[in-house]
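Counting convention: from 1, in listed order, for ligands and their atoms alike.
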Amino acid sequence: MPTPPSLKAYCLCLIVGSPLGALAQEIIDTETHRLEEVAEGIYFAVGNGALYTMSNALIIERDEDVVVVDTHITPAAGRALLDSIRVVTSKPVTTLINSHFHYDHANGVPAFGPDIEIIGHEVTYQKLTGDPANEHTYISSLTRFDNTVNRLEVELDAASSNAERRELQQQLEFWRAHVAAQDEIVFTPPTITLRESMTLYRGGREIQLHFFGRAHTGGDLAIFLPEEKIVFTGDMMLGGVSYMGDGYVSEWADTLQALKQLNFDLVLPGHGPGFRDRSRIDNVQAYYTDLTEEVSRLKALGFSADETASRADLRQHADTLGISQLGANLEAVQRMYNLMDGRIE
Ligand SMILES: [Zn+2]
């Protein structure tokens with residue numbers, strides 16, 4: 001008896017072992033991506049390591065067109081995403097949504113051409129029309145990638161076996177390709193902005209965009225599909241603690257409290273695998289609240305940001321977040337000091 005297509009897809013899912021469990025209807029492996037079909041016509045796009053993508057994207061097929069949330073780290077990675085979209089649909093991509101302004105989510109935008117509509121929070125617009133090339137988070141990423149290439153060159157020189165040399169050579173080519181791809185970056189701001197919320201109804205799909213308050217940046221959007229009960233959270237909610245270098249740690253727990261009011265049963269984050277367990281949100285909320293209290297307490301005792309970063313005790317989060325050592329992220333603490341002292345807003 002021939003296998004019906006839907007059952008075949010389900011079987012493939014079982015064989016591949018989807019981290020999303022039964023809701024992932026099918027896994028499609030393209031040259032550069034793993035596309036997890038998390039609901040009919042909705043694909044969670046994760047780079048497979050063929051080139052550096054850094055962040056996740058979401059592909060939402062509508063009756064006549066396609067909406068894409070986030071575009072990876074470079075135009076080259078954005079083009080790879082577009083090629084992967086072509087594997088599942090020939091419909092035109094008409095609309096992009098930026099979850100936030102960070103380079104690793106927004107710099108693939110030019111791959112989608114000059115006529116694309118780009119929706120983002122007004123803070124995302126401000127950041128991308130301000131001085132994005134000199135944003136400290138972007139600058140430090142450039143340094144990090146250069147350092148990686150330099151380190152691999154040194155290691156390759158010192159390699160003692162052919163196998164090791166081959167492995168290092170491959171890594172070096174991967175990172176050199178990424179560094180070269182950065183030359184093509186053209187920061188591209190949203191063409192439409194929102195401040196609180198917006199809903200797209202075209203093409204048989206409801207797509208809600210929500211700003212619930214400041215968190216990972218000043219303009220994080222949650223992209224919510226009410227019918228499918230799926231939320232794409234960008235970096236405001238990852239599987240664990242997010243990067244805090246542009247964050248608002250003292251406001252973050254409240255923002256996540258508002259996020260939890262949405263009726264979703266699957267969270268798709270900007271990095272790492274999707275998850276269903278809402279207690280993960282509770283866990284990071286507790287962390288951001290405790291970090292705020294601990295940093296305020298140590299600051300009031302007169303400690304510098306450096307001292308506070310090494311003394312902060314968040315080990316009560318060992319079981320839930322694996323924080324077993326004394327200390328907190330220095331960049332986060334410095335930013336919290338700057339915010340508390342009114343040096344930044
Ligand atoms: Zn980010």
Review point. Using 30° and 60° as the class limits, which term best fits the ring planes of His210 and Phe212: parallel, tilted or perpendicular?
Key: parallel

Study note, to complete from the structure: Residues passing the salt bridge (Lys or Arg N to Asp or Glu O under 4.0 Å) test with Lys91, sequence neighbours excluded, are Glu61

Check your understanding: Do we get Arg276 above Phe264's six-membered ring, with its NZ or CZ under 6.0 Å from the centre and within 45° of the axis?
Key -> no

Practice item. Pick out which of Glu228, Glu40, Glu64 makes a salt bridge (charged side-chain N to carboxylate O under 4.0 Å, His left out) with Arg205. Key: Glu228

Donor-acceptor contacts under 3.5 Å from residues 111-123 side chains, at least two apart:
{"from": "Glu117", "atom 1": "OE2", "to": "Thr191", "atom 2": "OG1", "distance (Å)": "2.9"}
{"from": "His121", "atom 1": "ND1", "to": "Val123", "atom 2": "N", "distance (Å)": "3.0"}
{"from": "His121", "atom 1": "NE2", "to": "Arg195", "atom 2": "O", "distance (Å)": "3.1"}
{"from": "Glu122", "atom 1": "OE1", "to": "Arg195", "atom 2": "NE", "distance (Å)": "3.1"}
{"from": "Glu122", "atom 1": "OE1", "to": "Arg195", "atom 2": "NH2", "distance (Å)": "3.4"}
{"from": "Glu122", "atom 1": "OE2", "to": "Arg195", "atom 2": "NE", "distance (Å)": "3.1"}

Point to revise | Contacts of the Zn ion (ligand 1) with protein N/O/S atoms, counting only those under 2.8 Å | key: His100 NE2, His102 ND1, His216 NE2, Asp235 OD2

Study note, to complete from the structure: Hits for salt bridge (Lys or Arg N to Asp or Glu O under 4.0 Å) against Arg79, two or more places apart or cross-chain, chain-then-number order -> Glu184

